[in-house]
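Order of the sequence lines sets the chain letters (A, B, ...), proteins ahead of strands, with each chain counted from 1.
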There are 2 protein chains.
Amino acid sequence: MTRILVVDDDAQITRALRINLKARGYDVDTAPDGAGALHSAAHTHPDLVVLDLGLPDMEGAEVIAGLRGWTAVPIIVLSGRADSADKVAALDAGADDYVTKPFGVDELLARIRAVTRRGRPAGEENPVVLIGDREIDLAEHSISGGVRLTPTEWQLLEHLLRHPGKLITQKELLHDVWGPQYQTETNYLRQYMARLRRKLEADPARPRHLLTEPGMGYRFRP
Amino acid sequence: MTRILVVDDDAQITRALRINLKARGYDVDTAPDGAGALHSAAHTHPDLVVLDLGLPDMEGAEVIAGLRGWTAVPIIVLSGRADSADKVAALDAGADDYVTKPFGVDELLARIRAVTRRGRPAGEENPVVLIGDREIDLAEHSISGGVRLTPTEWQLLEHLLRHPGKLITQKELLHDVWGPQYQTETNYLRQYMARLRRKLEADPARPRHLLTEPGMGYRFRP
DNA sequence: AAGCGCGTTAACGGGATCTTGACGACGTGC
DNA sequence: GCACGTCGTCAAGATCCCGTTAACGCGCTT
């Protein structure tokens, strides 16, 4: 079953697309803004993303870049602007197709078929993140060197790796990994950051990539 | 060097595209009609085809079908008609993208980059997968050594074998093999993974290829 | 009717994983 | 120098998850 993530702040459009796509046998998730889109994509790993450009919280190129940082999932951009410059920007940012509104549902469906048709050629390589001499493949959930991670460890690591260099607050990590009611249980973080460092850092006592920002949170340095 | 075949009966357009594409470092061939396009494509094996639909000798769908009969080369269709039905027909015939005239050269170039960006499939793939000393042919649904699998076992095995090395989550497997409402019935997975291992692994208690990732899912290691 | 293959449930023991609490080490501000 | 908060570490117990065994129902063949 092909899973499609529809990103649009216009509830009418998401609803219409959800109905039409479901009727065609696709599995549909929706997100109303860029942050929700990145979050949902990271969580559900869709097979295709339909992305509206007029989002309230982020530029379209930012969303595309946020996805392309770790996945090669096909992206079809929807936009009200037929301006050539916009198309070029979106396509070069990593989008696979660009459809201007108003669009026919038939056309969108055809483009979805066209984009998903070329499946996954065998020769492709997943983007890998490096921590020291270890290669981490987020798509495969695999790490070189025979290292295995538990589910909680993976969730925590993914949140850090998906935003290289960015500081992630403790509240954010606790909320996203453990849930809304754990936002003050910082001992969980200490526990699991220690385990990650033991498994990934060459010298766990002197981390070079999984850094602590005292009083704030943690940060992944590539 | 990327070779592009431009097919259009309007000499002005072919000339303009030839100049623009050459300036961008592409190698350009041109053909004025469908017959010439098929002949040229068979002869030079271009990396991309830009195909106008208003050809004098053949229908656009015929040209696309003629190409798709033997090659998976990306095809970008140009057309003066913005009619939705035309787009659907062309895309479903096998085209990869559809641009309506008049179009901006920038946009076309961006779409060319988008289509050629994904690595091309290149050669045929051997559909035989090895598990230990057993050969598994996914296309023929056959296994060496007199092993037979039930339909459910096949579905499960296929999902794992289609993504070698990748971790497939339990939810994903349950959803795709048994259906959306079985996403939490992990006992099915335990049951059938055990059967697969009994039939395929040399030592079912110590699987070397059908691996468990505790709390996450399963993985096929070639 | 009986036998067989296949899919579906249920239950259990062992082990890995998560949770929880407590203890120093370190740095900061008073 | 001292109190305080934050962080890293350790060591339990509780909990969840996995592999396994066993049984049942259904459709088909014998």
Give every donor-acceptor pair under 3.5 Å between a side-chain atom in residues 179-186 of chain B and any protein atom, sequence neighbours left out.
| unit_1 | atom_1 | unit_2 | atom_2 | d |
| --- | --- | --- | --- | --- |
| Thr186(B) | OG1 | Arg190(B) | NH1 | 3.2 |

Distances under 3.5 Å between nitrogen or oxygen atoms of protein and nucleotides 17-20 of chain D:
| unit_1 | atom_1 | unit_2 | atom_2 | d |
| --- | --- | --- | --- | --- |
| dC18(D) | OP1 | Gln170(B) | NE2 | 3.3 |
| dC18(D) | OP1 | Gly215(B) | N | 3.2 |
| dG19(D) | OP1 | Arg197(B) | NH2 | 2.6 |
| dG19(D) | OP1 | Thr212(B) | OG1 | 2.3 |
| dG19(D) | OP2 | Tyr218(B) | OH | 2.9 |
| dG19(D) | N7 | Arg190(B) | NE | 2.8 |
| dG19(D) | O6 | Arg190(B) | NE | 3.4 |
| dG19(D) | O6 | Arg190(B) | NH2 | 3.3 |

Query raised in the report: To the nearest Å, how far apart are Leu211(B) CG and dA16(C) C1'?
Result: 17 Å
Requested in this report: Return the value, rounded to whole Å, for the distance between atom CG of Leu196(A) and atom C1' of dT17(C).
Outcome: 14 Å
Partner residues of [X] under the side-chain contact (heavy atoms from CB on, under 4.5 Å) criterion, sequence neighbours left out:
X	value
Ser40(A)	Leu5(A), Asp29(A), Thr44(A)
Thr100(B)	Ala82(B), Lys87(B), Tyr98(B)
Ala110(B)	Val88(A), Leu91(A), Asp92(A), Arg113(B)

Polar pairs (N or O, both sides) under 3.5 Å between protein and nucleotides 27-30 of chain C?
none

Query raised in the report: Pairs in or reaching into residues 71-83 of chain A: which pass salt bridge (Lys or Arg N to Asp or Glu O under 4.0 Å), with residues at least two apart or in two chains?
Result: Arg81(A)-Asp86(A)
Requested in this report: Kindly say whether His141(A) contributes a backbone atom to a donor-acceptor pair with the side chain of Lys166(B) at under 3.5 angstrom?
Outcome: no
Listed pairs under 3.5 Å, donor-acceptor, residues 49-64 of chain A side chains, sequence neighbours left out:
| unit_1 | atom_1 | unit_2 | atom_2 | d |
| --- | --- | --- | --- | --- |
| Asp52(A) | OD1 | Lys101(A) | NZ | 2.5 |
| Asp52(A) | OD2 | Gly54(A) | N | 2.7 |
| Asp57(A) | OD1 | Gly34(A) | N | 2.9 |
| Asp57(A) | OD2 | Gly34(A) | N | 3.3 |
| Asp57(A) | OD2 | Ala35(A) | N | 3.0 |
| Glu62(A) | OE2 | Glu59(A) | N | 3.0 |

**Report entry** Presence of salt bridge, Glu201(A) and Arg206(A), under 4.0 angstrom
**Finding:** no
Query - Asp96(B) and Arg117(B) ion-paired at < 4.0 Å - result: no
Check residues 211-222 of chain A and write down every donor-acceptor pair under 3.5 Å in which the side-chain atom is one partner and the other belongs to a residue at least two apart or another chain.
| unit_1 | atom_1 | unit_2 | atom_2 | d |
| --- | --- | --- | --- | --- |
| Thr212(A) | OG1 | Arg197(A) | NH1 | 3.4 |
| Thr212(A) | OG1 | Arg197(A) | NH2 | 3.1 |
| Glu213(A) | OE2 | Arg219(A) | NE | 2.9 |
| Glu213(A) | OE2 | Arg219(A) | NH2 | 3.3 |
| Arg219(A) | NH1 | Gly165(A) | O | 2.6 |
| Arg221(A) | NE | Arg208(A) | O | 3.1 |
| Arg221(A) | NH2 | Arg208(A) | O | 3.0 |

Query raised in the report: Using a heavy-atom distance cut-off of less than 4.0 Å, which residues of residues 151-159 of chain B contact DNA chain C?
Result: Pro151(B), Thr152(B)
Requested in this report: Please say whether the positively charged group of Arg195(A), taken as NZ for Lys or CZ for Arg, lies over the ring of Tyr192(A), i.e. under 6.0 angstrom from the six-membered ring centre and within 45 degrees of the axis.
Outcome: yes
Query raised in the report: So, is Arg148(B) near the phosphate of dC6(C), with a side-chain N or O under 4.0 Å from OP1 or OP2?
Result: yes
Query raised in the report: Would one find a side-chain N or O of Trp178(A) under 4.0 angstrom from OP1 or OP2 of dC18(C)?
Result: no
Requested in this report: Using heavy atoms to find the nearest nucleotide of DNA chain C for Tyr182(A) and Tyr192(B) separately, return the residue whose nucleotide is more 5′.
Outcome: Tyr192(B)
Report summary line: Residues Asp8(A) and Asp10(A): closest non-hydrogen pair is OD1-N, 2.9 Å
Query raised in the report: What does nucleotides 25-30 of chain D look like as a protein-contact string, B for base, S for sugar-phosphate only, - for none, at under 4.0 angstrom between heavy atoms?
Result: ------
Query - Those residues that, when tested against Arg18(A), pass salt bridge (charged side-chain N to carboxylate O under 4.0 Å, His left out) (two or more places apart) - result: none
Report task. Counting heavy atoms from C-beta on, name the nucleotide in dG7(C), dT19(C), dG5(C) closest to the side chain of Thr150(B). Result -> dG7(C)
